[in-house]
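This report concerns only the one structure given below.
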Amino acid sequence: MASSILSGADNFKLLSGISPSGSSFLGSELNLKCLPQKGFVNFRATRTLRPTKCSLSASRPASQPRFIQHKKEAFWFYRFLSIVYDHVINPGHWTEDMRDEALEPAELHTRNLQVVDVGGGTGFTTLGIVKHVDAKNVTIIDQSPHQLAKARQKEPLKECKILEGDAEDLPFPTDTFDRYISAGSIEYWPDPQRGIKEAYRVLTIGGVACVIGPVYPTFWLSRFFADVWMLFPKEEEYIEWFKKAGFTQVKLKRIGPKWYRGVRRHGLIMGCSVTGVKPYAGESPLQLGPKVEDVSKPVNPFVFLTRFLLGIMAASYYVLVPIYMWLKDQIVPKGQPI
């Protein structure tokens with residue numbers, strides 16, 4: 001499948017500077033209109049020789065409550081969503097052809113690679129991984145036992161190792177895996193930078209991390225519901241998280257359902273595949289403060305229920321969006337924008 005590749009000099013201006021937290025970085029000033037609707041965006045990476053300090057990576061402004069971007073709410077959200085996930089959610093947002101296209105940059109070229117699928121859920125993405133890698137070499141980890149129960153039922157995944165765990169605190173030694181895959185999980189991480197840092201840690205030198213996730217909408221109504229529901233990162237944020245963690249050769253590949261015809265103004269639950277290479281052995285040079293969310297702390301039941309219900313209402317909007325886009329695709333003549 002052909003993909004267009006953009007060089008940094010031709011399509012956007014790179015800015016070197018200091019982040020608000022005082023860490024050095026090489027960022028990008030993106031002109032989204034000049035980027036392809038689908039394809040690669042190549043971001044040059046700087047060589048990090050000293051630890052980068054960063055306190056918290058993903059504060060949650062009052063204007064962006066993201067009610068399901070909490071581990072406890074996400075746990076119960078998937079307690080019910082797991083029942084229909086493969087049959088209702090995936091057909092509208094995460095199809096097999098999208099999955100296979102998104103996994104291409106992960107370079108799953110040999111069957112003996114050691115791969116971890118973080119936030120593997122029902123195993124839908126893992127089914128794409130085991131097309132290229134022996135199932136006995138694949139580990140699935142997720143915080144939802146209900147999602148993992150669905151994965152255990154899939155025959156091609158019977159030999160996979162399946163564990164419950166936290167993406168921000170992976171239960172694996174440093175320098176363990178050749179590939180790190182995470183699809184549809186980052187949006188529920190209270191601290192995405194910490195999760196990307198963990199991806200760096202568990203990879204072997206030269207290993208590739210591949211994170212597949214949402215992209216932020218520009219249409220006002222979609223933006224409102226996105227901010228109420230969960231984390232929809234901007235493309236620049238993915239790149240900065242990877243670079244701060246120490247990854248090099250960072251690339252972003254745009255994906256989306258075919259019937260969207262490249263439209264991205266409503267955001268996408270699966271909108272990009274971001275990859276980076278671990279250049280040095282050991283832990284990430286990034287130093288972080290305490291975790292954003294302590295799941296051991298008691299939660300007020302009324303507050304929890306309110307957040308949970310509001311989050312579900314916002315999520316319902318994104319069940320309707322792909323249906324709306326599909327209807328427009330059927331009505332509007334091919335070749336015309338929708």
Side-chain angles (χ1 to χ4, degrees), residues 68-103 106 108 114-172 177 179-189 195 198-199 210-214 229-231 255 257 268-271 273 295 308 311-312 314-316 318-323:
I68 306 296
Q69 194 193 352
H70 302 256
K71 289 186 174 70
K72 289 186 177 179
E73 282 83 347
F75 176 91
W76 286 102
F77 183 68
Y78 274 104
R79 169 65 181 87
F80 301 104
L81 193 63
S82 62
I83 300 171
V84 297
Y85 191 86
D86 285 339
H87 306 292
V88 175
I89 303 302
N90 282 342
H93 298 283
W94 187 220
T95 60
E96 289 189 15
D97 59 329
M98 286 176 62
R99 177 192 65 193
D100 295 341
E101 186 178 357
L103 287 174
L108 302 172
Q114 295 293 321
V115 181
V116 61
D117 184 3
V118 176
T122 65
F124 180 79
T125 302
T126 323
L127 289 174
I129 296 172
V130 298
K131 288 182 178 181
H132 309 281
V133 179
D134 290 341
K136 64 182 181 181
N137 296 330
V138 177
T139 300
I140 308 172
I141 185 167
D142 198 287
Q143 76 148 358
S144 170
H146 312 100
Q147 292 279 82
L148 292 177
K150 298 291 184 180
R152 289 189 176 95
Q153 295 171 9
K154 292 180 168 66
E155 189 62 33
L157 308 182
K158 292 296 185 182
E159 293 187 70
C160 295
K161 305 175 194 70
I162 300 179
L163 307 170
E164 288 183 38
D166 183 354
E168 296 178 0
D169 189 15
L170 295 172
F172 308 116
F177 298 99
R179 298 290 185 271
Y180 171 105
I181 310 291
S182 182
S185 180
I186 191 171
E187 55 265 38
Y188 302 108
W189 301 353
E198 275 291 89
C210 177
V211 174
I212 304 161
W229 182 16
M230 62 183 185
L231 175 66
I255 59 174
L268 288 161
I269 292 179
M270 294 294 198
S273 174
V295 294
F308 184 69
I312 289 178
S316 300
Y318 274 93
V319 174
L320 299 176
V321 167
I323 299 173

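Numbering of residues begins at 1 and proceeds along the displayed sequence. What you see is a predicted model; the values in this text were computed from it and never measured.
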Taking all heavy atoms of [X] and all of [Y], pick out the closest pair and write down the distance.
X	Y	answer
Ile186	Gly213	CG2-CA, 4.4 Å
Ala106	Ile181	CB-CD1, 3.6 Å
Pro257	Leu268	CD-CD2, 3.8 Å
Met230	Pro214	CE-CG, 4.4 Å
Thr122	Lys154	O-NZ, 2.8 Å
Ile212	Met270	CG2-SD, 3.9 Å

Is there side-chain contact between [X] and [Y], with heavy atoms separated by less than 4.5 Å?
X	Y	result
Tyr180	Val118	yes
Phe177	Leu170	no
Val138	Leu157	no
His132	Arg179	no
Thr126	Val115	no

If you measure from [atom1] on [X] to [atom2] on [Y], what distance do you get to the nearest 0.5 Å?
X	Y	atom1	atom2	answer
Gln114	Asp134	CD	CG	9.5 Å
Cys210	Ile129	SG	CD1	8.5 Å
Ile269	Trp94	CD1	CH2	12.0 Å
Lys131	Leu127	NZ	CG	8.5 Å
Cys160	Ile141	SG	CD1	13.5 Å
Arg99	Phe124	CZ	CZ	4.5 Å

| query | Do the side-chain N and O atoms of Gln143 and Asp166 include a donor-acceptor pair separated by under 3.5 angstrom? | reply | no
| message | Has Thr139 got a side-chain atom pairing as donor or acceptor with Lys161's backbone, closer than 3.5 angstrom? | response |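 Flag not set: sc Thr139 to bb Lys161 has no pair under 3.5 Å.
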| request: Report yes or no: does Ser182 contribute a side-chain atom to a donor-acceptor pair with the main-chain N or O of Ser185 at less than 3.5 Å? | output: no
| side-chain contact (heavy atoms from CB on, under 4.5 Å) assessment of Ile162 paired with Asp142 | CA-CA 8 Å; Ile162 300 179; Asp142 198 287; over 6 Å; no
